[in-house]
J.: 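Got a structure for you, questions after.
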Amino acid sequence: MKRKLNVGFLVTLSGRWPRELPERRLADYGAWMKENLPACCTLTAFDKVVCTRADMEECADAFAAAGVDLVIQLYGAFTGDDIACGLADRLGKPMILWAPREEQWVRQDRLYANALCCATMNGAALKRIGAPARILYGNKEEERVQNELFEELTAQALVRAMKGMTFGLFGYRPTAFYNCAFDETVIRRTFGIDMEETDLKVVFDRMAALPWSEVEAEMKRVSDTWDVSALPDGHLENHARLYLVLKELMPEQKYDYAAIKCWPEMGNLHTTPCAVLGRLADEGLSIACEGDVDAGLAGVMQNQLTGTPTFVTDLINLDETENTVTFWHCGNAAPSLHDTRDGVTMCNHPLLGQGTAFWCALKEGPVTAARLTNIDGQYRLFLLSGTGVQTVRNTRGCMVNVKVETPVLELVQKIADSGMAHHYSLVWADVADQLARAAEILNIPVIRL
């Protein structure tokens, strides 16, 4: 993620409790946090144990000056509600209340931390004042604790990264594709993403104005890389022109992500963009096809989590014996997703002609399919986890068979009952839990398929 989550870290106690353990936890956990935070985070650590109101205010001022996005309050020892609530009031940021385990049990000796008790007490107080917080219980050495912490930080970083993004529109949506309509006000309110538009005429005019020398050089690069022998006359030139123009327009318009109305106008000019979109995805320029903004938004989340290309696709077939589903689309998968063992060609659009598309199978590996759908002004996030298996292409376009756990006939019924739209965004990684947690932060219901 380009925009990192700035994590504020402090250790607390109330004044009646011994300070030796809190001081040790400040040093030990502070050093561990510095070394082990996920790459999507930066650390701002407060350098002394927070005990009094004055300490809390000094810490809050330091965090505010540093632009902290999330606060981790680790309990050195029992802490009253005043510190957590004061930080929430002053900063207005989500909090993680981290309660390590008791370090020793001596029958005739006192408690030295009582961290779990005060974490639940502070959490209840924060809930009453409407401040978001999660409790993390256990020591930094525990794999479960690390996984829970990193999942939360990654989800929070994703939510943070989306705020202020610009999603570009090259045209609106294809004819009669009602499910590709969108509500930019709901998108802005839910994700903090704004929408801007570039008319397709701008794209076509820029394509026509390109110098022939640039177009010719790009055509050679393409033909040196892929088998283009099946392309009709003129289609490779149109491919080269569109690729060069979209590669210029995305940064020029300051679009972080985009969607494009890829037919009928583009097809009428023999420049349907499937293969272009796949190539651009491998270069970090993600453009969802068929004007499907909501599928594109799911792709935004997946791409931010993984840094890898996503694939907007249809679910077209079931195999009850193998319990697999077939994801297919016209030819827009990024080359890094291709399974070259089955052969890869750049051909005409597989259904209507009129452009360029990759015809190939896609690679094996863990897959997360996601779809955001706006139903009655409320987004839902649909998630399906599976494993891509070796696939032999049996129709034009690009495709992969994915083995899933849910019985496939039940899966289809669940999709139908829920009102989910027909496009999915696939990413070759297991990120369902991170996506679900990010959705929870955004108050988006999650439907696991």
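Owing to the predicted nature of the structure, the values given are computational and were not obtained by experimental measurement. The figures that follow rest on heavy atoms only: side chains count, while hydrogens, waters and symmetry mates do not.
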J.: Run the ring-centre check on Tyr137 versus Trp98 and record whether the distance is less than 6.0 Å.
T.: no

J.: Evaluate the side-chain proximity of Trp428 to Phe311: yes if any heavy-atom separation is below 4.5 Å, no if none is.
T.: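 Heavy-atom side-chain distance check passes, below 4.5 Å.
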
J.: Any luck finding a side-chain donor-acceptor pair between Thr166 and Tyr257 under 3.5 Å?
T.: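 Checked: Thr166/Tyr257 side chains show no N/O donor-acceptor pair below 3.5 Å.
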
J.: Is the closest side-chain heavy-atom distance between Gln413 and Asp417 below 4.5 Å?
T.: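 Contact flag for Gln413/Asp417 side chains = yes.
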
J.: Does this structure show an ion pair linking Lys414 with Glu410, if we count only N-O contacts that are shorter than 4.0 Å?
T.: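 No, this pair does not count.
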
J.: Phe150 and Asn36: which non-hydrogen atoms are nearest, and at how many Å?
T.: CZ-O, 3.3 Å

J.: Measure the spacing between CG of Asp69 and CG of Leu5 and express it to the nearest 0.5 Å.
T.: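 The CG atom of Asp69 sits 5.0 Å away from the CG atom of Leu5.
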
J.: Do Glu141 and Trp32 have side-chain atoms, one donor and one acceptor, less than 3.5 Å apart?
T.: no

J.: List the steps and the verdict of side chain to side chain contact (heavy atoms under 4.5 Å, CB included) for Gln304 and Met165.
T.: CA-CA 12 Å; Gln304 285 291 307; Met165 282 184 178; 3.4 Å; yes

J.: Run the salt-bridge test on Arg380 and Asp294 with the 4.0 Å N-O cut-off and return the result as yes or no.
T.: no

J.: Do the side-chain N and O atoms of Tyr379 and Asn443 include a donor-acceptor pair separated by under 3.5 angstrom?
T.: no

J.: Between Phe167 and Phe182, is the gap from one ring center to the other below 6.0 Å?
T.: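 Between Phe182 and Phe167, which both carry aromatic rings, the centre distance is not below 6.0 Å.
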
J.: Checking side-chain hydrogen bond (donor to acceptor under 3.5 Å, both in side chains) for the pair Asn6/Thr44: CA distance, chi angles, key distance, verdict?
T.: CA-CA 7 Å; Asn6 189 353; Thr44 299; 2.9 Å; yes

J.: Begin from the C-alpha positions of Arg90 and Asp61 and carry the test salt bridge (charged side-chain N to carboxylate O under 4.0 Å, His left out) through to its verdict.
T.: CA-CA 8 Å; Arg90 291 284 300 272; Asp61 288 343; 2.3 Å; yes

J.: Evaluate the salt bridge (charged side-chain N to carboxylate O under 4.0 Å, His left out) criterion for residues Glu214 and Arg241: first the C-alpha distance (whole Å), next the side-chain angles of each, then the deciding distance (0.1 Å), finally the verdict.
T.: CA-CA 9 Å; Glu214 292 183 25; Arg241 289 182 182 276; over 6 Å; no

J.: Return yes if some donor-acceptor pair links the side-chain N/O of Asn323 with the main-chain N/O of Val408 below 3.5 Å, else return no.
T.: yes

J.: Between Arg101 and Glu142, is there a side-chain N and carboxylate O pair less than 4.0 Å apart?
T.: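 Result for this pair is yes, salt bridge flagged.
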
J.: Applying the side-chain hydrogen bond (donor to acceptor under 3.5 Å, both in side chains) test to Thr12, which of Asp82, Asp55, Thr79 qualifies?
T.: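 Going through the options one by one, the only one that passes is Thr79.
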
J.: Do Glu248 and Tyr243 have side-chain atoms, one donor and one acceptor, less than 3.5 Å apart?
T.: no

J.: Is there a side chain to side chain contact (heavy atoms under 4.5 Å, CB included) between Leu426 and Val400? Walk through the geometry before answering.
T.: CA-CA 10 Å; Leu426 264 62; Val400 64; 4.3 Å; yes

J.: Among Leu97, Val11, Leu136, which one satisfies side chain to side chain contact (heavy atoms under 4.5 Å, CB included) with Leu74?
T.: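 Of all the options given, the one that passes is Val11.
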
J.: Taking only residues two or more places apart in sequence or in another chain, which ones pass ring pair (Phe, Tyr, Trp, His ring centres under 6.0 Å) with Phe327?
T.: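 Ring pair (Phe, Tyr, Trp, His ring centres under 6.0 Å) check on Phe327 returns Tyr424.
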
J.: Can you list the residues that meet the side chain to side chain contact (heavy atoms under 4.5 Å, CB included) rule with Cys118, with sequence neighbours excluded?
T.: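 Applying side chain to side chain contact (heavy atoms under 4.5 Å, CB included) to Cys118 gives Tyr75, Phe78.
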
J.: How far apart are the closest heavy atoms of His338 and Ala333, and which atoms are they?
T.: NE2-O, 2.9 Å

J.: May I ask you to test the Arg437-Gln156 pair for a side-chain heavy-atom distance under 4.5 Å?
T.: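 A side-chain contact exists here, since the closest heavy-atom pair is under 4.5 Å.
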
J.: Tell me, with the steps shown, if Asp339 and Lys363 meet salt bridge (charged side-chain N to carboxylate O under 4.0 Å, His left out).
T.: CA-CA 5 Å; Asp339 185 349; Lys363 66 182 184 179; over 6 Å; no

J.: Taking the six-membered ring of Tyr29 as reference, does the NZ or CZ atom of Lys140 fall below 6.0 Å from its centre and within a 45° cone about the axis?
T.: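 Checked: cation-pi criterion met.
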
J.: Is any side-chain heavy atom of Met162 closer than 4.5 Å to a side-chain heavy atom of Leu442?
T.: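 They are in contact (side-chain heavy atoms under 4.5 Å apart), so the answer is yes.
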
J.: Evaluate the side-chain proximity of Phe358 to Arg279: yes if any heavy-atom separation is below 4.5 Å, no if none is.
T.: yes

J.: So, for Leu200 and Lys261, which heavy atoms are closest and what is the spacing to 0.1 Å?
T.: CD1-O, 3.6 Å

J.: Give a yes-or-no answer on whether the side chains of Asn401 and Thr326 include a donor-acceptor pair shorter than 3.5 Å.
T.: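 Note: Asn401 and Thr326 side chains meet the donor-acceptor criterion.
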
J.: Provide the closest heavy-atom pair for Gly331 versus Cys398 in the form atom of the first, atom of the second, distance.
T.: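 In terms of heavy atoms, the two residues are closest at CA-SG, 3.5 Å.
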
J.: For residues Leu153 and Ile96, determine if any side-chain heavy atom of one lies less than 4.5 Å from a side-chain heavy atom of the other.
T.: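 Leu153 reaches Ile96 side chain to side chain.
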
J.: Is it the case that Asp183 and Asn374 place a side-chain donor and acceptor less than 3.5 Å from each other?
T.: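 Per modelled atom types, Asp183 and Asn374 side chains form no pair under 3.5 Å.
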
J.: Taking the side chain as every heavy atom from C-beta outward, state whether Phe9 and Lys34 have any atom pair closer than 4.5 Å.
T.: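 Heavy-atom side-chain distance check fails, nothing below 4.5 Å.
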
J.: What pairs with His423 under ring pair (Phe, Tyr, Trp, His ring centres under 6.0 Å), at least two apart in sequence or on another chain?
T.: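 Per chain and number, His423 pairs via ring pair (Phe, Tyr, Trp, His ring centres under 6.0 Å) with His329.
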
J.: Quick one: OG1 on Thr387 to NZ on Lys403, what's the gap to the nearest 0.5 Å?
T.: 9.0 Å

J.: Which distance, rounded to the nearest 0.5 Å, do you find between the CZ of Arg19 and the SG of Cys51?
T.: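 If I round to the nearest 0.5 Å, the distance is 5.5 Å.
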
J.: Would you mind reporting whether Cys85 and Leu126 have side-chain heavy atoms less than 4.5 Å apart?
T.: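 The answer is yes, as the side chains (C-beta and beyond) meet within the 4.5 Å cut-off.
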
J.: As an exercise, state the distance from CG of Asn179 to NE2 of His422, rounded to the nearest 0.5 Å.
T.: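 Here the rounded value is 7.0 Å.
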
J.: Atom CZ of Arg173 and atom OG1 of Thr175: how far apart are they, to the nearest 0.5 Å?
T.: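 Here the rounded value is 7.5 Å.
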
J.: Using 0.5 Å steps for rounding, measure from the OG atom of Ser336 to the CG atom of Asp282.
T.: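 Reported to 0.5 Å precision, the distance equals 3.5 Å.
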
